[in-house]
Amino acid sequence: MDIIQVVKGDTGPQLKATVNRSDTGGPFVGTNNTVLKIRKKGTATTLKTISLDQSESGLSVGNLVFPLSSFLTDATITEGFYEAEIEFTLADNSIISVFELIDIKVREDF
């Protein structure tokens with residue numbers, strides 16, 4: 001997977017992902033309780049949890065969109081490498097996380 005490259009302080013970037021089922025290859029139909037959890041690479045502490053943008057996402061076909069503005073404008077986020085995980089909470093409150101991590105590189109603004 002490619003590294004997502006973003007700039008600290010920007011308010012427009014979104015992370016877009018398509019999630020497919022490993023057993024059928026079809027789309028994983030998510031729920032409105034889907035989040036993106038971000039941590040500094042090499043650490044175990046979640047720094048930011050971002051809710052799914054329901055109006056931009058296409059849940060029925062596995063397309064997910066997460067706005068990154070709250071992450072990029074957070075004063076505690078510094079230049080460097082981060083990793084993110086998509087986590088689904090299903091109707092029965094069980095949790096499923098996508099195995100593959102998403103790599104994010106943040107650079108400082110001019």
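Taking the side-chain hydrogen bond (donor to acceptor under 3.5 Å, both in side chains) definition, one finds that Asn32 meets it with nothing, sequence neighbours left out.
What you find for Pro13 and Asp10 is that their closest heavy atoms are CD-CB, 3.7 Å. Between Val106 and Glu79 the shortest heavy-atom distance is O-CG, 3.1 Å. Here the closest heavy-atom approach between residue Arg21 and residue Phe28 is recorded as CG-CA, 3.9 Å. Minimum interatomic distance between Thr73 and Ser69 (heavy atoms only, all atoms of both residues): OG1-O, 2.7 Å.
No side-chain heavy atom of Val6 sits under 4.5 Å from any side-chain heavy atom of Leu15. Side-chain atoms of Phe110 and Val7, non-hydrogen and from C-beta on, never get closer than 4.5 Å to each other. In this structure, Pro27 and Thr18 have side chains that are not in contact, with every pair of non-hydrogen atoms separated by 4.5 Å or more. At least one side-chain heavy atom of Leu59 sits under 4.5 Å from a side-chain heavy atom of Leu64. Two residues are said to be in side-chain contact when any heavy atoms from C-beta on lie closer than 4.5 Å; Thr76 and Lys40 fail this criterion. Considering only heavy atoms from C-beta on, Leu47 stays 4.5 Å or farther from Asp74 through its side chain.
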Residues Leu101, Arg39; criterion side chain to side chain contact (heavy atoms under 4.5 Å, CB included); working and verdict: CA-CA 11 Å; Leu101 296 175; Arg39 66 183 180 196; 4.1 Å; yes
Step-by-step side chain to side chain contact (heavy atoms under 4.5 Å, CB included) determination, Ile102 to Leu36: CA-CA 10 Å; Ile102 301 165; Leu36 181 73; 4.2 Å; yes
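How far CD of Glu85 is from OG1 of Thr49: 10.0 Å, rounded to the nearest 0.5 Å. Distance check: Ile50 CD1 to Thr34 OG1 gives 13.5 Å after rounding to the nearest 0.5 Å. Interatomic distance, Ile96 CD1 to Thr31 OG1, rounded to the nearest 0.5 Å: 9.5 Å. Summarising the geometry, atom NZ belonging to Lys41 is positioned 7.5 Å from atom CD1 belonging to Ile3; distances are rounded to the nearest 0.5 Å. Distance check: Thr45 OG1 to Ile38 CD1 gives 14.0 Å after rounding to the nearest 0.5 Å.
Linking ILVMFWY side-chain heavy atoms closer than 4.5 Å, directly or via other members, places Val61 and Phe88 in two distinct hydrophobic clusters. Linking Ile, Leu, Val, Met, Phe, Trp and Tyr whenever their side-chain heavy atoms come within less than 4.5 Å puts Ile86 and Ile4 in one cluster. Residue Leu52 is not grouped with residue Val35 when hydrophobic side chains (ILVMFWY) are merged at heavy-atom distances under 4.5 angstrom, including chains of intermediate members.
Between the side chains of Ser57 and Asn63, no donor-acceptor pair of N or O atoms lies under 3.5 Å.
Applying side chain to side chain contact (heavy atoms under 4.5 Å, CB included) to Lys8 and the options Leu72, Thr78, Ile77 leaves one that passes, Ile77.
Using cut-offs of 30° and 60° for the angle between ring planes, the Tyr82 and Phe71 rings count as perpendicular.
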